[in-house]
Student: 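First, the structure itself, so that you have it in front of you.
Nothing here was measured: the structure is a model prediction, and the numbers come from that model.
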Amino acid sequence: MKRNNIVMLVAAIGLAACGSPDPEAQKEKHLKPNTEAVSVEFNDKSAAEKIVGFRAVPVGLVDEGSDPFSSGSEPENLAAECSIVSQGYSARVTAPATVNMPSFGRDTPPATVSCEYQGKTYSETFKARNLSKGSRTGSSLAVGILLCPICGVAAGIAGSGDKVGDAYGFEDLTVSVN
């Protein structure tokens with residue numbers, strides 16, 4: 001009897017991992033703006049009409065080599081003037097900061113962050129990620145470790161692609177001076 005219950009539980013988890021996500025649930029889970037974060041300015045009104053949601057994203061400049069003798073320590077956050085430029089919008093912030101970055105779903109364009117520090121400009125371009133896919137991968141790993149390795153692999157394969165309703169956005173817009 002216990003074996004049947006375990007099989008049913010694993011099957012239910014596997015089906016849940018394979019199913020299409022609810023677009024509204026994905027938006028609520030991953031696209032969470034922050035009322036105290038900096039807002040972007042739209043220079044293209046048509047871009048503003050295509051927004052799926054906003055995500056509060058840390059923006060900063062770090063010096064990862066600030067203390068070569070401390071292994072495993074966090075990189076030093078540097079105060080810097082930074083600009084974020086993307087197709088249809090931009091923002092200026094004093095880093096470290098949090099910015100409500102717009103999500104256009106699968107069509108979210110890359111964003112370039114440029115920071116001025118001690119007379120030099122440091123720049124990096126970031127691509128939006130499928131945030132829902134990352135969650136599914138983590139769930140599959142948990143299934144594989146906790147319940148059934150074969151089921152976890154199967155759920156991971158099934159959840160590895162893009163699905164309708166997935167949330168896209170940026171996780172971190174941190175530029176390194178190194």
Side-chain angles (χ1 to χ4, degrees), residues 10-62 82-93 95-115 121-147 150-176:
V10 170
I13 291 171
L15 287 174
C18 298
S20 293
D22 173 28
E24 289 305 310
Q26 291 302 307
K27 192 160 70 167
E28 280 183 37
K29 181 176 181 180
H30 296 291
L31 301 179
K32 298 176 184 175
N34 181 330
T35 57
E36 296 181 20
V38 175
S39 296
V40 300
E41 293 183 25
F42 289 94
N43 51 24
D44 179 358
K45 299 302 177 199
S46 66
E49 296 169 0
K50 298 175 185 173
I51 294 172
V52 175
F54 289 91
R55 178 175 174 87
V57 178
V59 176
L61 181 70
V62 296
C82 299
S83 64
I84 302 167
V85 178
S86 187
Q87 184 178 333
Y89 67 91
S90 63
R92 291 207 48 83
V93 299
T98 301
V99 176
N100 283 326
M101 295 293 291
S103 172
F104 301 92
R106 185 176 285 179
D107 298 324
T108 302
T112 300
V113 179
S114 299
C115 298
T121 301
Y122 300 92
S123 224
E124 192 169 336
T125 299
F126 298 87
K127 291 183 180 180
R129 297 183 41 157
N130 183 333
L131 304 167
S132 303
K133 181 177 170 181
S135 292
R136 285 194 300 272
T137 302
S139 297
S140 300
L141 181 62
V143 169
I145 291 171
L146 298 175
L147 297 175
I150 294 171
C151 301
V153 169
I157 291 169
S160 64
D162 294 344
K163 297 188 182 299
V164 174
D166 279 358
Y168 291 79
F170 301 97
E171 291 183 331
D172 186 359
L173 299 174
T174 301
V175 177
S176 176

Student: Atom CG in Leu31, atom CG in Leu131: separation rounded to 0.5 Å?
Tutor: 6.5 Å
Student: Test: side-chain hydrogen bond (donor to acceptor under 3.5 Å, both in side chains). Region: residues 83-93. Which pairs qualify, not counting sequence neighbours?
Tutor: none
Student: Which heavy atom in Gly105 sits nearest to a heavy atom in Val52, and how many Å separate them?
Tutor: N-CG2, 3.5 Å
Student: Where is the tightest heavy-atom contact between Phe104 and Pro109, given as atom of each residue plus distance?
Tutor: CD1-CD, 3.6 Å
Student: What closest approach, in Å, do Lys127 and Phe170 show between heavy atoms, and which atom pair accounts for it?
Tutor: C-CE2, 3.6 Å
Student: Do Val40 and Ile84 have side chains that approach each other closer than 4.5 Å (heavy atoms only, starting at C-beta)?
Tutor: no
Student: Are Phe126 and Val175 packed together at the side-chain level, in the sense that at least one heavy-atom pair is separated by less than 4.5 angstrom?
Tutor: yes
Student: Do side-chain atoms of Thr108 reach the backbone of Ser103 as a donor and acceptor pair under 3.5 angstrom?
Tutor: no
Student: Could you pull out all residues at least two apart from Ser114 that satisfy side-chain hydrogen bond (donor to acceptor under 3.5 Å, both in side chains)?
Tutor: Ser123
Student: Can you sort out the partners of Ser46 under side-chain hydrogen bond (donor to acceptor under 3.5 Å, both in side chains), two or more places apart, ordered by chain and number?
Tutor: Asp44
Student: Could I get the full list of salt bridge (Lys or Arg N to Asp or Glu O under 4.0 Å) partners for Glu171, not counting sequence neighbours?
Tutor: Arg129
Student: Can you tell me how far the CG atom of Leu173 sits from the CD atom of Glu124, to the nearest 0.5 Å?
Tutor: 9.0 Å
Student: Partners of Thr98 by side-chain hydrogen bond (donor to acceptor under 3.5 Å, both in side chains), sequence neighbours excluded?
Tutor: none
Student: Compare every heavy atom of Pro110 with every heavy atom of Thr125, then report the nearest pair and how far apart it is.
Tutor: CG2-CB, 3.8 Å
Student: Kindly compute the distance separating CZ (Phe42) from CD (Glu49), expressed to the nearest 0.5 Å.
Tutor: 10.5 Å
Student: Quick one: pull up CZ in Arg106 and OH in Tyr168 and give me the separation to the nearest 0.5 Å.
Tutor: 4.0 Å
Student: For Asn34, check side-chain hydrogen bond (donor to acceptor under 3.5 Å, both in side chains) against everything at least two apart and list the hits.
Tutor: none
Student: For Val59 and Ala95, which heavy atoms make the closest approach, and how far apart are they?
Tutor: O-CB, 3.9 Å
Student: Not counting sequence neighbours, which residues clear side chain to side chain contact (heavy atoms under 4.5 Å, CB included) with Val38? List them please.
Tutor: Val93, Val99
Student: Which heavy atom in Asp172 sits nearest to a heavy atom in Pro58, and how many Å separate them?
Tutor: OD1-O, 3.4 Å
